[in-house]
Number of protein chains: 2
Amino acid sequence: MEPEILELENFLPYRLYRLADAVSREFSGIYKDRHGLTRPEWRTLAGLGQHGTMTATALGEQSAMHKTKVSRAVAELERRRWLIRTADEKDRRIEHLTLTAAGHAAYREMVPLAKAFERELLARLSADEHAAVTSGLAALETSLPQARLRVKSQTL
Amino acid sequence: MEPEILELENFLPYRLYRLADAVSREFSGIYKDRHGLTRPEWRTLAGLGQHGTMTATALGEQSAMHKTKVSRAVAELERRRWLIRTADEKDRRIEHLTLTAAGHAAYREMVPLAKAFERELLARLSADEHAAVTSGLAALETSLPQARLRVKSQTL
DNA sequence: CCAAACTGGTTTCATTTGTAACCATCTAAA
DNA sequence: TTTAGATGGTTACAAATGAAACCAGTTTGG
């Protein structure tokens with residue numbers, strides 16, 4: 001019996017990871033070069049910009065980050081005075097996070113750049129290809145156990 | 001003028017990354033739990049299993065890894081006696097890497113598991129969805145500047 | 001021939017990451 | 001109540017990572 005061979009370049013986990021890594025690396029220029037943010041910091045900013053006030057747990061769920069990443073990102077954004085924490089009245093474990101004016105300014109500056117980046121990425125595709133990307137990703141997303149898209153230890 | 005908002009969950013770089021991360025994390029069980037391999041080590045094994053003898057540089061190109069990752073992964077697999085290095089006759093900087101019998105055994109053990117993993121992942125999709133995933137990923141791959149899919153500092 | 005530039009690969013150092021332990025608070029059940 | 005367990009969040013520690021410096025060896029152009 002023949003030795004079974006795996007073609008790495010056609011292996012789904014590998015292709016996905018490599019693509020995500022390449023895209024993410026290129027995109028990171030926008031938040032890293034301009035403001036020296038890490039990815040978790042960018043996601044935190046994006047989450048708060050999008051939703052207004054959130055708790056750290058909610059942030060982790062929305063942006064699929066481990067709670068330690070959230071904790072560190074929040075600490076850094078707080079240090080920059082891009083966000084403030086306010087204690088919850090009823091439950092003193094919880095803190096509500098909100099962007100400051102400076103945080104909002106950074107967010108407003110970055111959103112158009114992010115959108116332009118995505119637009120340019122997709123502009124290289126035909127309409128059919130664009131549709132395939134969209135529906136392919138959506139299909140994979142719904143196919144994976146939801147829990148896996150969140151961060152493991154968040155859910156349990 | 002309204003504040004522009006970015007919906008993170010629909011943002012392509014984020015979706016790709018989250019998906020890749022979830023899939024990769026789940027897949028990593030196969031090489032991590034069984035053999036305590038890291039992802040670079042797994043990729044190195046996969047590359048050598050697939051192509052036979054390769055140089056470290058070739059490995060980095062094939063599997064999109066930074067050369068330091070390759071170097072470390074190779075060192076570890078060598079420590080396990082899963083591969084051996086042989087010097088090149090003409091160019092003494094180069095070393096050719098080959099799996100040992102033990103390395104091959106591990107490879108042969110893992111390939112079917114990897115294939116089963118992928119099969120199960122795709123089995124949850126309809127034929128159309130499967131096609132969309134395939135063509136969507138392919139489209140993105142060809143659309144990104146080739147260089148970006150390799151590792152930056154490899155190419156330059 | 002010889003120096004400059006280049007290439008394959010390793011190492012060092014600072015940063016980022018994940019796991020697990022941890023503290024504080026809250027909830028529920030006896 | 002009291003106490004055992006959950007939950008929000010932080011911290012400590014070890015491992016993984018990336019950038020840049022580095023050490024051979026090799027090639028190139030004068």
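Letters A, B, ... are given to chains in the order of the sequence lines, protein chains preceding strands, and every chain is numbered from 1. Since the model is a prediction, treat every value here as computed from it, not as a measurement.
- Under 3.5 Å, the side chain of B:Arg93 and the base of D:dT26 form no donor-acceptor pair of N or O atoms.
- One interatomic measurement links the two molecules: CG of B:Leu37 to C1' of D:dA15, which rounds to 15 Å at whole-angstrom precision.
- With rounding to whole Å, A:Met54 atom CE is found 15 Å from D:dG8 atom C1'.
- In this structure, of D:dG18, C:dG9, C:dG18, it is C:dG18 that holds the atom nearest to the side chain of A:Arg72.
- Mapping A:Lys90 and B:Val74 onto DNA chain C via the closest heavy atom, the residue that lands nearer the 5' end is B:Val74.
- Rounded to whole angstrom, the span from the CE atom of A:Met65 across to the C1' atom of C:dT19 amounts to 18 Å.
- Counting only distance, with no hydrogens or angles, the side chain of B:Glu41 and the backbone of B:Leu77 share no donor-acceptor pair below 3.5 Å.
- If you measure from atom CD of A:Glu76 to atom P of C:dT15, you get 12 Å, rounded to the nearest angstrom.
- Contact annotation: A:Thr68 side-chain N/O to C:dT17 OP1/OP2 distance is not under 4.0 Å.
- One can place CD of B:Glu78 at 13 Å from C1' of C:dG9, the figure rounded to the nearest angstrom.
- Here the nucleotide nearest the side chain of A:Arg85, chosen from C:dG9, D:dT10, C:dT10, is D:dT10.
- B:Leu8 and A:Phe117 fall within a single hydrophobic cluster, where Ile, Leu, Val, Met, Phe, Trp and Tyr side chains are chained together by heavy-atom contacts under 4.5 Å.
- Looking at B:Arg25, its side chain has no donor and acceptor atom pair within 3.5 Å of the base of C:dG18.
- Side chains of B:Tyr31 and B:Arg39: no donor on one and acceptor on the other come within 3.5 Å.
- When the nucleotides D:dG18, C:dG18, C:dG9 are ranked by their closest atom to the side chain of B:His66, D:dG18 comes out on top.
- Look at NZ on B:Lys67: it is 12 Å from C1' on D:dA24, rounded to the nearest Å.
- The interatomic distance linking B:Glu95 (CD) with C:dT7 (P) rounds to 18 Å, in whole Å.
- Taking the charged nitrogens against the carboxylate oxygens, A:Glu141 and B:Arg15 do have a contact shorter than 4.0 Å, which makes a salt bridge.
- Residue A:Lys69 has a polar side-chain atom (N or O) positioned under 4.0 Å from OP1 or OP2 of C:dG18.
- As a whole-Å value, the separation of B:Ile94 CD1 from D:dT26 C1' is 10 Å.
- The 5' end of DNA chain D is approached more closely, in terms of each residue's nearest nucleotide, by A:Ala56 than by the other of A:Lys32 and A:Ala56.
- Among the candidates B:Lys115, B:Gln50, B:Met110, the single residue satisfying the side chain to side chain contact (heavy atoms under 4.5 Å, CB included) test with A:Leu6 is B:Lys115.
- OP1 and OP2 of C:dG9 both lie 4.0 Å or more from every side-chain N or O belonging to B:Arg92.
- Proximity note for A:Ser71 (side chain, C-beta onward) versus C:dT17, D:dT10, C:dC13: the nearest is D:dT10.
- Two residues, B:Arg39 and B:Asp91, neighbour DNA chain D, and the one matched to the more 5' nucleotide by heavy-atom proximity is B:Arg39.
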